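Bear in mind the structure is a predicted one, so any value in this text is a computation, not a measurement. Residue numbering restarts at 1 for every chain, and letters A, B, ... go by the order of the sequence lines.
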There are 2 protein chains.
Amino acid sequence: MSGEELATAGHPQMVRQRLRLWLKLLKATKLVEATIRERLREEYDTTLPRFDVLAALYRFDEGLKMSELSAALRVSNGNVTGIVERLALDGLVLRVPVEGDKRATLVRLSKKGRDRFSVLADAHAGWVGAILEDLPPSDCERMIAILDAVGHSPKLTGKVSKEND
Amino acid sequence: MSGEELATAGHPQMVRQRLRLWLKLLKATKLVEATIRERLREEYDTTLPRFDVLAALYRFDEGLKMSELSAALRVSNGNVTGIVERLALDGLVLRVPVEGDKRATLVRLSKKGRDRFSVLADAHAGWVGAILEDLPPSDCERMIAILDAVGHSPKLTGKVSKEND
DNA sequence: GCATGAAATTTCATGCTTGAAATTATTGGA
DNA sequence: TCCAATAATTTCAAGCATGAAATTTCATGC
């Protein structure tokens, strides 16, 4: 397996084009992300990681275990610990013990958290809709299809990629 | 200007599609980025921010001032201070005083830094080429064009976006 | 000359992120 | 039973990232 990426070195202009695409992809994504982070901060005094946690929990009324949450967000366990800690201080999430397993904790949205998230989610959707306003639906669709293919590439960090998106 | 993003709320399915695209874009980008970070760490014991700084400096033999560097990378001044500090400890960059302005510092690659970066850049290009291996050149080209349009959207954080990419 | 405002940079507090180590609890054999 | 492996989580140190405040230097008008 080692050195396998050099196999494509025989097509230098293709590699160059893909590199160009990657750099543009990264740049565009970071630009949009920075915009969203800034608005979350300025208009709602919150952050993207907190929003992500709320979004994940919003889909599960019963709540999620810490490990399920970190798996859903694809971040480390330790990371989620801190974010949930801060959300709990704000009263947006609740940590309830799991019946019959003293190790685990279930995290779920409080009423306040649910209300808060629905406001944030609306704003977020509006921002994204506006940022991508000039993108023709056909381009949008095309890009979604291409990205699906990229996401399912087997070259990414061993196996990966369930069918959920 | 306020509430302008709600103007598109009249096309809910378009907003939904754009939101879908954004989530996929973010997911795919993060996946590729995570792969690159992991390999930089495991195979070269370095990080993406360090790589980015080296890459920026590589294009300027004369070096860049700290402020030029942070502008080029679109990150804060304070951020660059720390990264350059660590690169200097590794002997990869040099900080030289600017003739006639005791406030400013010029940062440039050392010989070691230049050699190091050319190795890293090759590996990086190989990884990206391999990850996007299955992407047909036509899709690649199409996507580059679409992303250019997105990047030039006026809705992104006030003005923005020089012609460089 | 000299004060005052602007410019270049660093420092700082806060938060996010990781991977590794530590902690506590559960489980399944010997 | 009990003990070793596993599982769920937290803690920790390091680094990255930000925006705000502080520092030093420069430039300009008076």
With respect to A:Leu106, which candidate in A:Leu94, A:Leu64, A:Val96, A:Asp101 satisfies the side chain to side chain contact (heavy atoms under 4.5 Å, CB included) definition? A:Val96

How does protein contact run along nucleotides 2-13 of chain D, one letter per nucleotide 5' to 3', with B for base contact, S for sugar-phosphate only, - for none, heavy atoms under 4.0 Å? -----BSBBB--

Once you apply a heavy-atom cut-off of 4.0 Å, does A:Leu48 come out as touching a base, just sugar-phosphate, or nothing? nothing

Tell me: CG of B:Leu87 to P of D:dA14, nearest whole Å? 18 Å

Verify the contact: side-chain N or O of A:Arg41 to OP1 or OP2 of D:dG19, cut-off strictly under 4.0 Å; return yes or no. yes

Check whether any side-chain heavy atom of B:Thr47 lies under 4.5 Å from a side-chain heavy atom of B:Arg37, and answer yes or no. no

Could you tell me if the ring centre of A:Tyr44 sits under 6.0 Å from that of A:Phe51? no

So A:Met143 and A:Leu147, do their side chains get closer than 4.5 Å, heavy atoms only? yes

Proximity to the side chain of B:Lys102 - top-ranked nucleotide from D:dC26, C:dG15, D:dT18: D:dC26

I want to check one thing: is the phosphate of D:dC16, taken as OP1 and OP2, less than 4.0 Å away from some side-chain N or O of B:Arg86? yes

Is there a side-chain contact between A:Thr29 and B:Trp22 in this structure, where contact means two heavy atoms from C-beta onward sitting under 4.5 Å apart? yes

Need the pair for D:dG29. Rule: Watson-Crick or G-U wobble, both distances under 3.5 Å, any strand; none if unpaired. C:dC2

What are the two closest non-hydrogen atoms of B:Leu135 and A:Arg18, and how far apart are they? O-NH2, 3.5 Å

